[in-house]
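What follows is one structure encoded as structure tokens, with my remarks underneath.
Just the heavy atoms: all of them, side chains too, but no hydrogens, waters or symmetry mates, feed the values below. Count residues from 1 along the sequence. Counting starts at 1 for both ligands and their atoms, in listed order. Remember, it's a predicted structure, so these values are computed and weren't measured experimentally.
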Amino acid sequence: MNRQSTPSKTATVYERQRLALLDVLRSRGIHDERVLSAMNAIPREQFVPQAMMGRAYEDSALPIDNRQTISQPYTVALMTQELKVRPSMRILEIGTGSGYQAAVLAQLGADVISIERHPLLSQKARTLLASLGYNVNCRIGDGTIGYRDGEPYDGIIVTAGAPDVPEPLARQLAIGGVLVVPVGPRDQQTLYRVTRTGPEAWTAEERGPCKFVPLIGRSGWDEAIGQ
Ligand code: SAH
């Protein structure tokens with residue numbers, strides 16, 4: 001093997017760490033192998049700040065720009081598993097952040113629109129996702145009002161903590177569509193899976209405790225609080 005075809009040491013280390021992370025996720029109850037193999041295809045180290053790259057495969061949230069976070073891998077896996085993503089499904093994500101969750105959805109073959117309120121984060125995520133070959137429609141704005149141009153959605157995923165289920169999002173679901181959203185006080189939420197069962201009917205199931213940065217906007221927390 002010549003030097004050129006030898007995989008770089010760093011890449012090999014990341015690959016090993018990624019496989020170890022998948023075992024951690026399995027041991028924590030993630031059973032959807034499609035979700036796990038999608039996560040195995042994505043270089044999470046590229047979605048975190050350079051100083052954090054060595055921690056990219058820990059099962060923890062990490063800081064990104066604008067005082068936001070890239071979600072914990074377990075949470076990404078759980079929320080994606082709850083969405084039951086199939087190829088060509090139309091999915092709206094609220095809270096692009098680093099773009100990692102959007103990459104997982106796109107890797108599963110979904111047609112993804114992702115909204116972020118911080119322009120810098122949206123632009124960085126758009127550039128990174130494109131460089132990795134993911135076709136994600138990144139928009140800047142208040143995602144609590146949804147995105148009318150793409151409705152109805154088969155799935156909506158909110159990756160920031162909401163005070164209540166944002167009604168505009170529930171209304172932009174297709175019948176049979178699923179909204180996965182953390183709801184609760186600012187420092188601790190419960191993950192909900194809301195299914196639209198009819199034109200004016202929804203069911204909600206709890207999916208356990210979680211902790212997200214706040215969802216800020218018209219159907220979220222007050223902008224004046226900041227973050
Ligand atoms: N899915 C992200 C996690 C980002 S953290 C990832 O994989 O990295 C949550 C993000 O939601 C933050 O970037 C925050 O700025 C954003 N956010 C909060 N309120 C929002 C709103 N109303 N509309 C769009 N984005 C919002």
May I ask you to identify, for E116, whether its side chain, its backbone, both or neither come under 4.0 Å of ligand 1 on a heavy-atom basis? both
Test item, [X] contacting ligand 1 (heavy atom, 4.0 angstrom):
| X | answer |
| --- | --- |
| G141 | yes |
| R218 | no |
| P214 | yes |

Under 4.0 Å from a heavy atom of [X]: which atoms of ligand 1 are those, numbered in the order shown and with their elements?
| X | value |
| --- | --- |
| T96 | 1 (N), 2 (C), 6 (C), 8 (O) |
| G143 | 21 (C), 22 (N), 23 (N), 24 (C) |
| T159 | 1 (N), 2 (C), 3 (C), 5 (S), 9 (C) |
| I115 | 24 (C), 25 (N) |
| Q101 | 1 (N), 7 (O) |
| L121 | 13 (O) |
| V213 | 5 (S), 9 (C) |
| S71 | 3 (C) |

Contact (N/O only, under 3.5 Å) between I216 and ligand 1: yes
Looking only at distances, can you tell me whether any N or O atom of G95, backbone or side chain, sits closer than 3.5 Å to an N or O atom of ligand 1? yes
Restricting to heavy atoms, the pick from T69, T75, V48 nearest atom 4 (C) of ligand 1 would be T69
Between R117, E223, R67, flag the one that comes closest to atom 24 (C) of ligand 1 by a heavy atom.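 Residue with the shortest heavy-atom distance to the ligand atom: R117.
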Looking at side-chain heavy atoms only, is the closest gap between T190 and P209 below 4.5 Å?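 T190 vs P209: side chains apart.
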Applying the side-chain contact (heavy atoms from CB on, under 4.5 Å) criterion to L179, which one of V165, L83, L92 satisfies it? V165
Would you tell me whether [X] and [Y] have side-chain atoms, one donor and one acceptor, within less than 3.5 Å of each other?
| X | Y | result |
| --- | --- | --- |
| Y57 | E45 | yes |
| T96 | E116 | no |
| T144 | S219 | no |

Any cation-pi pair here, R207 with Y192, using under 6.0 Å and within 45°?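 Pair R207/Y192 does not count as cation-pi.
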Report the distance from atom CZ of R218 to atom CD of E223, rounding to the nearest 0.5 Å.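 Between atom CZ of R218 and atom CD of E223 there are 11.5 Å.
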Under 3.5 Å, is there a donor-acceptor pair between the side chain of K211 and the main chain of D187?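 Between the backbone of D187 and the side chain of K211 there is a qualifying donor-acceptor contact (under 3.5 Å).
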Report yes or no: does R90 contribute a side-chain atom to a donor-acceptor pair with the main-chain N or O of G150 at less than 3.5 Å? yes
CG of N135: more than 12 outside heavy atoms within 6.0 angstrom?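 12 or below, so no.
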